[in-house]
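By convention in this document, chain letters (A, B, ...) are assigned in the order of the sequence lines, proteins followed by strands, and residues within each chain are numbered from 1.
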Amino acid sequence: MTLEQKLSQSAIEAIRALYGETVNESLTQLQKTKKEFEGHLTLVVFPFLKISRKNPEQTAQEIGQKLIEIEPAIASFNVIKGFLNLVIDTKVWIAMLQQISENGTFGIKTPTNDSKLVMIEYSSPNTNKPLHLGHVRNNLLGFSLAEIMKANGYNVVKTNIVNDRGIHICKSMLAWQKWGNGETPESSGLKGDHLVGKYYVVFDKEYKAQIKALMEQGQTEEVAKKNAPLILEAQAMLLKWEAGDDEVVALWKMMNTWVYAGFDVTYKKMGVDFDKIYYESETYLEGKGKVLEGLENGVLFQKEDSSVWADLTPNGLDEKLLLRGDGTSVYMTQDIGTAKLRFDDYPIDKMIYVVGNEQNYHFQVLALLLDKLGFSWGKDLVHFSYGMVELPEGKMKSREGTVVDADDLVEEMVATARETSQELGKLDGCTEEEAEAIATTVGLGALKYFILKVDPRKNMTFNPKESIDFNGNTGPFIQYTHARIRSVLRKAVDNGIAIDGAIATDLQLAEKEQNMVQLVANFESVVEEAGNTYSPAVIANYIYELVKEYNQFYHDFYIIREENEALRHFRLVLSKSVAQVIKSGMKLLGIEVPERM
RNA sequence: GGCCGAGUAGCUCAGCUGGAUAGAGCAACAGCCUUCUAAGCUGUGGGUCUUGGGUUCGAAUCCCAACUUGGUCACCA
């Protein structure tokens, strides 16, 4: 039980003793006391005025008196208007820090075999182009979310549904066949996904030229788009693929192999991974059975052309097509099929889809359909819907080559980190390998934190011309603080100062020190909140606040140089605990923290 | 047009389960390294929380409307 919960109970008790009424826990709002007032936690008494029938000041005084009597954790209190500021006994903070420092996994719950199973789908790339900044946001959010759910005691399966079939894949294939001259990753030195992406762009360029030519011959744009020879060829190729044509399938396999090799490199670099990968080429036929089953059960209905539909008008939505007249699947059908396979493979309690907000409607419909078709978790599926990453000039478009490439971006960030380190002369004593490892950690940390600190729902703009900052509210600032603390701890050990052992319980602590313990202790509830709201940003903002406070503390107080040994010990333990929480918290964001930088 | 988001400092964003004088960072300016890492710390300036109503002891936060902006409304995925 956290201190807040404990005090909340005490407040309820105090009110019952004073006014004979048991108030709901939701009314006892305890908030952190504002910096300009004395105290650690503040009880807002306005909600109790009806019960006390007294003015705010009197009510607060009475509750404060009562609390002092019944709650030993409270040392004193003061009242300002309707706010009852509670001062927590220093011994409570010391005991709390002692406990935290002895718990190597403070704030992190460990899943057991009985824990609920959460499956998180993220990444889900198309195999016709390399990953770009939009994917980076998806991957970082998905990975972080998985870490956060684990830390909340869930078993987590990370999954990726690779979109490896469809007309867009055929476009790259066709262009390569026509204009590739047998180019391979080996022959060109290009990363596989980049090579394939290059031909996706080639296709689009040639296709546009054909459309333009047809329009000059008098066709409307709409007609020209349908009649361009290239698109007709691509469609023919898709039909061949679906018919299992040897040549097309061989080409498809070869090019997909290139892409996967490229993706693997990018995933590894970003530090994300998956427990189970599904391929759409293997799942896209699966949904059909489930849909036909639904048709038999009368959940779905058939139209005259024998296409199958779901009627969602009772739910305030439209009718939704699930099987075409010719019996082939659409996107929704595939998602139903994938869901079926997943449910066969795992006892899923909760499913989280990390997919952009342009698909909000799709997932609203999917939830309803899965529920109708009998998936227990269907109705409660979570669409973790995040906003677009836009450039200053607007949306990124792969086909037009106006994208920020994931590999390039990571490379740039690492390079910047390297330069900054050199300029500051921080790594002079390090080997080449160590310096490079630190540059990678810091560069990636800057990128990941930059993306994860903002509310996922919001669109974000990224200006490639202004590089991501390394000062202020950034990943490197947090990493730096961690390195700084570790450095102090190393020095302590070097000087033969023990960091383990009990903290003296009769210390006088400065307000700043008490506040630091309070802030560190909050980590536990922050992790819970992040899990409940699926929000890496909550973690990021908390760590930033912690680190900012710590740097002020570091600046204003001696640690190793403190002459009072008991106090020095307290500060060392505090520092160690801050470092530990930084490390745990950053891990939830998928960000590593270095020992030195 | 229907439905779903978002609008807070010059810029990027916190705060949003209603609570005290709305907070950070960046950018600008002024300070702080012979002592634990200056990727740090301190200070100055910068706000009609889009607008208008409503609920409330109290609204950036909740409700309604308008405006701006993004998405979506395919037998594409």
Residue that, paired with A/V538, satisfies side-chain contact (heavy atoms from CB on, under 4.5 Å) out of A/K453, A/E529, A/E528
A/E529

Measure the distance from CG on A/D556 to P on B/G40 and round it to the nearest whole Å.
16 Å

In Watson-Crick or G-U wobble terms, both distances under 3.5 Å, what is the partner of B/C26?
B/G10

Pairing check on B/U34: which nucleotide meets the Watson-Crick or G-U wobble criteria with it, both distances under 3.5 Å?
none

Counting primed atoms plus P, OP1 and OP2 as sugar-phosphate and everything else as base, spell out the protein contacts along nucleotides 70-77 of chain B at 4.0 Å heavy-atom distance: B, S or - for each nucleotide, 5' to 3'.
SSSS-BSB

Under 4.0 Å between a side-chain N/O of A/N471 and OP1 or OP2 of B/G40, yes or no?
yes

Base-pairing mate for B/A60 - Watson-Crick or G-U, with both contacts under 3.5 Å
none

Which pair of non-hydrogen atoms, one from A/V365 and one from A/M332, has the smallest distance, and what is that distance?
CG1-CE, 3.5 Å

Output one letter per nucleotide in nucleotides 14-22 of chain B: B when a protein non-hydrogen atom lies under 4.0 Å from the base, S when only the sugar-phosphate is that close, - when neither is.
S----BBS-

Pair assignment for B/G5, Watson-Crick or G-U wobble, requiring both distances under 3.5 Å
B/U69

In terms of relative ring orientation, are A/Y331 and A/H362 parallel, tilted or perpendicular, with 30° and 60° separating the classes?
parallel

If anything within 90° of 0 is syn and all else is anti, what is B/C33?
syn

Choosing from B/C41, B/A24, B/C36, which nucleotide comes nearest the side chain of A/I560?
B/C36

What is the distance, rounded to the nearest whole Å, between atom CD of A/Q552 and atom C1' of B/C32?
15 Å

A/I485 CD1 - B/C36 C1' separation (whole Å)
12 Å

Derivation of the ring-ring contact (aromatic ring centres under 6.0 Å, His included) call for A/F553 and A/Y550
CA-CA 5 Å; A/F553 164 76; A/Y550 182 83; 5.5 Å; yes

Tell me whether the side-chain N or O atoms of A/T474 pair up with the base of B/A39 as donor and acceptor below 3.5 Å, since no angle test is needed here.
no

Provide, to the nearest angstrom, the distance between the CD1 atom belonging to A/I438 and the P atom belonging to B/A39.
14 Å

Please confirm whether A/F477 and A/F470 have ring centers closer than 6.0 angstrom.
no

Measuring to OP1 and OP2 of B/C36, would you say a side-chain N or O of A/R568 lies under 4.0 angstrom away?
no

Excluding sequence neighbours, so at least two apart, what forms side chain to side chain donor-acceptor pair (under 3.5 Å) with A/Q552?
A/K512

Once you round it to whole Å, what is the distance between P of B/C13 and CG of A/N463?
12 Å

Please work out if A/Y544 contacts a base, only the sugar-phosphate, or nothing of the nucleic acid, heavy-atom cut-off 4.0 Å.
sugar-phosphate

Students often mix this up, so state it plainly: with edges at 30° and 60°, are the rings of A/W241 and A/Y284 parallel, tilted or perpendicular?
tilted

Candidate list A/N459, A/N357, A/N138, test side chain to side chain donor-acceptor pair (under 3.5 Å), partner A/Y386, passing option:
A/N138

Could you check which nucleotide pairs with B/C16 in any of the strands shown, counting Watson-Crick or G-U wobble with both distances under 3.5 Å?
none

Note: A/S123 and A/N139 closest approach over all heavy atoms is OG-OD1, 2.7 Å

Give A/S421 one of three labels, base, sugar-phosphate or nothing, depending on what nucleic acid heavy atoms sit under 4.0 Å from its own.
base

Under 4.0 Å between any heavy atoms, over every strand shown, what does A/F557 touch: base, sugar-phosphate, or nothing? Just pick one.
base

If you count heavy atoms of other groups shown closer than 6.0 angstrom to NZ of A/K379, is the number above 12?
no

